[in-house]
Amino acid sequence: MSRAWTLSRVLGVWLVSLGVSLTVGVSVAGAAQGTVAQSTCPAPRVGQFSCSVQILVSRRTHEPIRPRVRRLPRNRRPHALGATGQPAPAPMTPAYLQQAYDLSYLSATRGGGDTVAIVGAYGDPTAAGDLAKFRATYGLPACTVASGCFTQLNEQGQASPLPATQSDWAQEQSMDIEAVSSLCPNCKIDLVEASTAEPQDLQAAITTAISAGANQVSISGAGLYSQDPFTNFSAPGVSILAATGDAGPVAPGLAAYPAALPYVTAVGGTRLSPDSAAAPTARGVTETAWSSSASGCDLQEQPLPYQPADGCAGRMYADVSADADPATGLTLYDSAAGGWFDGGGTSLATPLVAAFEAVTGVDGNTPQWAYSDAVNLNAPIPAASAGSAYAGPTGAGSISGQIVPGAPGIGLPPLGPASNKTYTARVTDTGAHLQGGVYPNGQATSYYWQYGTSAAYGQRTAPVSAGSGTDPVTALGHIFGLTPGTRYHYRLIATNASGTEYGYDFSFRTSGHHATLATLARKRRERAGRRHRRRHRRPLSGRQRRAARERRHRAARGARA
């Protein structure tokens, strides 16, 4: 996913790398026509810190959209599939985001020794149960308090008493721990809850998260301040990430803290949307800057030496970005908020980036990694000012598994309508032309297509080299010798020395008259049979005719009576 390649496609609509496509989200088209983003948290006033959950609501009623979500099999990972294909997951699901960011293989195989901490304010008494529901539904491995995978602490580092509950912050924290689960299902998760949303309590919670052993600390709320309300809480070897906020450009004289701190990775937001059928890409999605993503220039902080000069005499932010639009974000679960909802905001993007750091192993002790590896990040549109590789709302780029050389990835399907994307470019009576994308991720990679009349496939195309570069490569497939009028299953598979990635199962039906002719012949036989029966029907005998007349007479007398 390099800059040379710019974008692709996605939306409110399909895949999850540990699940299946049985989960139904809200499509981008549907979002545009009948839904709108709405904050569940009060807008932060100057000198205050606030949560920043954005949810998708009905444009007419302003009630939250409640997606229909069905439970998926546990641990159904694309790279582990054998002879049988797995249906593609819906958009706004963990596997869909994994595939959109070239993380399917990394998410499935890495992160086991990492701890990601979420720092929020107030208590979320249903956090563990909501997390269990979310992970079980999407086929992710369990992460419980009993197993030590999930820990919930107050700002003093104790399991009790937890702070008083505040519903908007509770929804924020459910979103954050579920976002981490989506990209790093093998990570340990610590939820550290400050007693209030005041800076001193938040800083105490951050310090506790670091002391408890967190490798990444995600702070998803946002605050607007005229001066820095925190003291230094950085720690060697620990990545601190904070959301820039959801209110667009920050006004001069104010800064989004703690995102503006020089050692904090400031996270902005993007929007994923489906590729145009007229211009499909290897990635399969187009990523643009999210219109609400905040950005700024903090003149109280010195310019970071690794940031590009972009007209700011201080610390610019954001540094990096991920999906934040609630119309294309993630379908989440919070029982106290009514169950399933479509969520987003830079407070979704921030834990996604924290999980990305966990599975890729980048050194997030400062934001420098995002600028050093910018060439291997995605380049959301619009890309910054002329001549610059930096854009305020999205930073140096959005996350991409291409930052780590290794196992290949497979792009999302780029063809067809936004609500039903496919890899099928053209179908004939006896063949099909397929088009997708493959990430070589720096190693000599080849790809092929499996196909057959069931999801067990049985046939495959000859392998084709995708090279060993850093850009995604268009993967073409030409299948011949098929039976007319027949449904075929197929999937794309990429492989290199580091591993094999199995794509999801798709299907097409060949054209032609084979099935039609068979149907017509059957109908002709049925009509001929009816005519034969009518012509050769045996006539009634005299006794039968008299008995029939008597039955009619009795019926008539009974009716008159």
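Just so it is clear, the model here is predicted, and its values are computed rather than measured.
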Can a side-chain donor-acceptor contact be found between [Y] and [X] if the only test is distance below 3.5 angstrom?
| X | Y | answer |
| --- | --- | --- |
| N378 | Y101 | no |
| T281 | D275 | yes |
| S347 | S220 | no |
| T270 | D323 | no |
| D102 | S400 | no |

Given side chains that start at C-beta, do those of [X] and [Y] come closer than 4.5 Å, heavy atoms only?
| X | Y | value |
| --- | --- | --- |
| F506 | R491 | no |
| L272 | E287 | yes |
| Y423 | P280 | no |

Roughly how far, to the nearest 0.5 Å, is the [atom2] atom of [Y] from the [atom1] atom of [X]?
| X | Y | atom1 | atom2 | result |
| --- | --- | --- | --- | --- |
| S295 | D319 | OG | CG | 11.5 Å |
| N376 | I403 | CG | CD1 | 6.5 Å |
| Q443 | T495 | CD | OG1 | 10.0 Å |
| M175 | T40 | CE | OG1 | 7.5 Å |
| L106 | N441 | CG | CG | 7.5 Å |
| R271 | T328 | CZ | OG1 | 5.5 Å |

- Query: Taking only residues two or more places apart in sequence, or in another chain, which ones meet Y333 in a ring-ring contact (aromatic ring centres under 6.0 Å, His included)?
  - Reply: W340
- Item | Sidechain-backbone polar pair: Q435 side chain, L415 backbone, donor-acceptor under 3.5 Å | no
- Evaluate the side-chain hydrogen bond (donor to acceptor under 3.5 Å, both in side chains) criterion for residues D246 and T346: first the C-alpha distance (whole Å), next the side-chain angles of each, then the deciding distance (0.1 Å), finally the verdict. CA-CA 6 Å; D246 303 340; T346 54; 2.7 Å; yes
- Item | Validation row, ring centre Y257 to ring centre F49 under 6.0 Å | no
- Task: Assess whether side chain to side chain contact (heavy atoms under 4.5 Å, CB included) is satisfied between K133 and T137, documenting all intermediate values.
- Result: CA-CA 6 Å; K133 172 81 170 181; T137 299; 4.2 Å; yes
- Report the relative orientation of the aromatic rings in W369 and F356; use parallel for angles under 30°, tilted for 30 to 60°, perpendicular for over 60°.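 The rings of W369 and F356 sit tilted, inter-plane angle from 30° to 60°.
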